[in-house]
2 protein chains.
Amino acid sequence: MRLTNAKSVKQGIRAVAARAGVSTASVSRALNNPDAVSPSLRARIDQAIDALGYIPHAPARILSSRRSRTLGAIVPTIDNTMFARGIASLQQYLSSVGYMLLLTTSGYDLDVELQQARNLISRGVDGLVLRGDCHHDGLRKLLADNSVPFINVGIYQPDRPYPCVGTDNEAAAHRAAAHIIELGHRRIGIVSALQRNNDRASARVAGFRRALAESGIELPPQWHVEVPYTLDDAREAARYLLNLKDRPTAVVCGNDVIAYGVLLEAERDGFSVPRDLSVVGFDDLDWSRHLRPSLTTIHVPTGETWQRAGEYLVRSLAGEQTIMHREIDFSLVVRESTAPPPKSLK
Amino acid sequence: MRLTNAKSVKQGIRAVAARAGVSTASVSRALNNPDAVSPSLRARIDQAIDALGYIPHAPARILSSRRSRTLGAIVPTIDNTMFARGIASLQQYLSSVGYMLLLTTSGYDLDVELQQARNLISRGVDGLVLRGDCHHDGLRKLLADNSVPFINVGIYQPDRPYPCVGTDNEAAAHRAAAHIIELGHRRIGIVSALQRNNDRASARVAGFRRALAESGIELPPQWHVEVPYTLDDAREAARYLLNLKDRPTAVVCGNDVIAYGVLLEAERDGFSVPRDLSVVGFDDLDWSRHLRPSLTTIHVPTGETWQRAGEYLVRSLAGEQTIMHREIDFSLVVRESTAPPPKSLK
DNA sequence: ACACCCTTTGAAAACGGTTACAAAATAGAC
DNA sequence: GTCTATTTTGTAACCGTTTTCAAAGGGTGT
């Protein structure tokens with residue numbers, strides 16, 4: 001009686017190699033760099049692969065090659081049309097170039113963001129996509145220590161040493177306010193997002209304020225209010241602003257969701273937009289053109305922005321030269337929610 | 001002269017072990033099961049860990065332990081409030097129990113879904129969360145071959161051999177239609193999502209139809225129209241339906257987005273909702289209560305549903321006994337968009 | 001036939017952890 | 001103090017790939 005002590009391998013690259021009668025090295029090559037293996041071998045290997053239904057084990061691959069072809073992204077929340085769109089574009093682009101996306105959320109908390117970054121790095125991501133440039137100090141150190149490339153998206157700060165891609169929020173906000181001023185408004189209110197830990201929000205406020213200042217328009221403190229994230233929050237703020245005995249004839253908003261709140265609340269309080277009140281948004285979400293009245297707003301190509309962020313990282317990882325600061329153009333979309341102020345209040 | 005040939009290790013668990021003067025096994029234990037190591041050692045190790053800023057390498061961990069504490073989810077698109085909410089809840093829950101979520105999108109394409117599943121399995125996910133029970137045949141085989149636990153979310157099918165969690169769409173749709181019928185409508189149109197490859201959509205249509213049939217109400221073929229995903233598509237369908245010379249007095253919709261389209265188009269065409277036309281949605285998205293008129297719809301606790309899906313998988317992976325089919329209650333939320341039909345058309 | 005240079009292939013050592021197993025230390029019982 | 005049972009710690013094999021390096025193979029030119 002004869003004993004065969006060939007330890008038969010059930011799965012994995014060794015099983016494929018055994019079945020095709022080649023070495024594991026060849027299988028690996030056939031998978032990663034098909035041209036490096038002769039056509040005949042490749043055929044045998046391919047056949048073995050799908051005979052066995054072989055699926056490569058990514059963690060082992062990552063461990064061995066030190067590259068994961070995976071990018072991480074940390075967004076404040078996924079439950080917001082804008083981020084959802086951005087993420088969708090990024091993911092689509094990445095999968096088109098053979099990368100995967102590892103997505104996490106920070107809930108607008110810098111500590112959580114740091115923690116998630118640690119998590120993603122531990123997971124072996126090749127690079128990180130972050131929202132804005134307002135991060136925990138530890139995050140920068142973490143990224144440097146582990147030499148993880150990253151990019152800040154949604155902002156444009158050519159003077160800072162970090163890569164970024166996005167629109168110039170200050171300039172765009174300035175444009176929005178200028179539109180209102182050009183229409184003849186002098187009594188202008190601001191409803192912005194919370195500025196704390198949110199560079200995008202504060203840049204927009206800065207742009208609004210600069211436009212007012214340049215036209216010599218005063219902004220009474222009670223005409224600037226900040227609101228958290230939800231539509232309900234925005235409505236509440238709008239209610240306050242519209243019920244001041246001395247109220248503005250126009251409101252510029254930090255984003256479209258806020259603008260929706262103002263629109264809804266104005267209607268509820270019997271104001272007609274744009275006859276009694278003009279409203280400008282920021283972002284141009286889907287709903288903005290469907291609403292009645294449709295919303296005048298700043299169009300920001302979110303999808304493009306996030307895709308570019310992906311491109312930047314993928315390119316850098318491939319060793320290609322890429323520009324660190326990319327500006328994404330915005331545009332003012334004038335719709336139905338803005339008009340000259342009522343003559344009585346002009 | 002003496003040569004030290006202790007190969008010094010720069011990083012990794014071995015570096016931590018060296019610095020703390022212990023074995024790698026102890027470090028590993030301190031990390032994964034702190035109670036299994038004496039307090040004094042643990043202290044030394046913890047200190048070494050943050051002196052070195054050590055971050056465990058997840059892929060190595062996965063490779064070695066054959067568990068990743070990662071779940072995968074495949075949704076049709078992230079760019080839809082409902083999925084976004086679900087994913088957000090799932091992610092939050094998973095991170096609260098130390099799991100991560102690997103998210104991908106299929107774009108409503110079964111082949112892509114299969115491909116993504118392969119991708120996720122290759123990545124080493126411990127389990128998979130899928131939308132509905134309408135999958136590529138290869139997917140079931142793939143899951144079985146690799147013995148990857150999974151759950152279908154958003155549906156309730158107690159008679160099928162696969163785990164699922166969700167509302168009974170047929171029953172919920174029946175409830176929605178019944179509401180309209182109770183109000184006195186007999187001329188009822190249906191605008192549904194595409195039924196092909198979408199069990200949820202077809203279950204809802206079935207529920208609508210059953211309610212009509214039970215009340216002996218006819219459904220002329222041209223009163224049932226199917227639309228793709230976007231608000232624009234929905235508006236177009238609504239325009240068609242509302243401009244039939246013989247039009248319904250009420251429309252039941254496959255989801256809220258479709259209902260928004262009907263609402264917007266009705267207003268545009270000069271119909272007053274609910275006076276001239278009643279509209280019912282399905283899902284109860286955020287917007288539904290903000291819209292004017294606010295939308296009567298079926299409330300579905302999306303967040304809870306997805307979280308339960310996560311719970312199911314986490315529990316199964318922990319070896320706990322869990323129920324395979326969990327029904328999530330829905331409720332009819334009556335708001336402003338429904339009323340008895342105009343007397344002239346009754 | 002031989003020397004030469006490419007190209008294709010294989011053997012085996014990483015990669016950074018976990019864990020089975022054995023050894024050492026400690027505690028408890030007498 | 002000895003012996004046993006238990007806990008704590010260490011050694012080293014292993015997880016499934018990639019990749020270095022060397023060996024084998026295949027043409028050319030002479």
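Everything numeric here is computed off the predicted structure, so don't read it as measured data. Naming convention: chains lettered A, B, ... in sequence-line order (proteins, then strands); numbering from 1 in each chain.
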Sugar-phosphate, base or nothing in reach of A:Pro56, heavy atoms under 4.0 Å: sugar-phosphate
Length of the CG-C1' vector between A:Leu63 and C:dA14, whole Å: 9 Å
Which residues share a salt bridge (charged side-chain N to carboxylate O under 4.0 Å, His left out) with B:Arg140, sequence neighbours left out: B:Asp133
Heavy-atom donor-acceptor pair, B:Ser122 side chain to B:Arg118 backbone, under 3.5 Å: no
Which atom of A:Ala73 lies closest to which atom of A:Leu101, heavy atoms considered: CB-CD1, 3.8 Å
Heavy atoms of other groups near B:Gln92 CD, more than 12 under 6.0 Å: no
d(CG, B:Asn33; C1', C:dG17) in whole Å: 16 Å
Runs of at least three Watson-Crick or G-U pairs with DNA chain C, cut-off 3.5 Å: C:1-30 with D:1-30
Partner set under salt bridge (charged side-chain N to carboxylate O under 4.0 Å, His left out) for A:Asp46, not counting sequence neighbours: none
B:His325 side-chain N/O to B:Arg160 backbone N/O, donor-acceptor pair under 3.5 Å: yes
Nearest to side-chain heavy atoms of B:Ser23, which nucleotide of C:dG17, D:dT11, D:dC15: D:dT11
B:Ile62 CD1 to D:dG16 P, straight-line distance once rounded to whole Å: 13 Å
Backbone of A:Ala60 reached by a side-chain donor or acceptor of A:Ser64 within 3.5 Å: no
Within 6.0 Å of CD in B:Gln115, more than 12 heavy atoms from elsewhere: yes
B:Leu110 side chain near B:Leu114 side chain, heavy-atom distance below 4.5 Å: no
Any residue meeting salt bridge (charged side-chain N to carboxylate O under 4.0 Å, His left out) with A:Asp126, in chain and number order, not counting sequence neighbours: none
Residue mapping more 5' on DNA chain D - nearest nucleotide basis, A:His57 or B:Gly21: B:Gly21
Interface residues of residues 35-50 of chain A with DNA chain C (non-hydrogen, below 4.0 angstrom): A:Val37, A:Ser38, A:Leu41
Close N/O contacts between protein and nucleotides 18-25 of chain C (under 3.5 Å):
from: C:dT18; atom 1: OP1; to: B:Asn32; atom 2: OD1; distance (Å): 3.4
from: C:dT18; atom 1: OP1; to: B:Asn32; atom 2: ND2; distance (Å): 2.8
from: C:dT18; atom 1: OP2; to: B:Ser28; atom 2: OG; distance (Å): 2.4
from: C:dT18; atom 1: OP2; to: B:Asn32; atom 2: ND2; distance (Å): 3.4
from: C:dT18; atom 1: O5'; to: B:Ser28; atom 2: OG; distance (Å): 3.4
from: C:dT18; atom 1: O4'; to: B:Ser64; atom 2: OG; distance (Å): 2.4

Check: B:His136/B:Glu113 side-chain N/O donor and acceptor closer than 3.5 Å: no
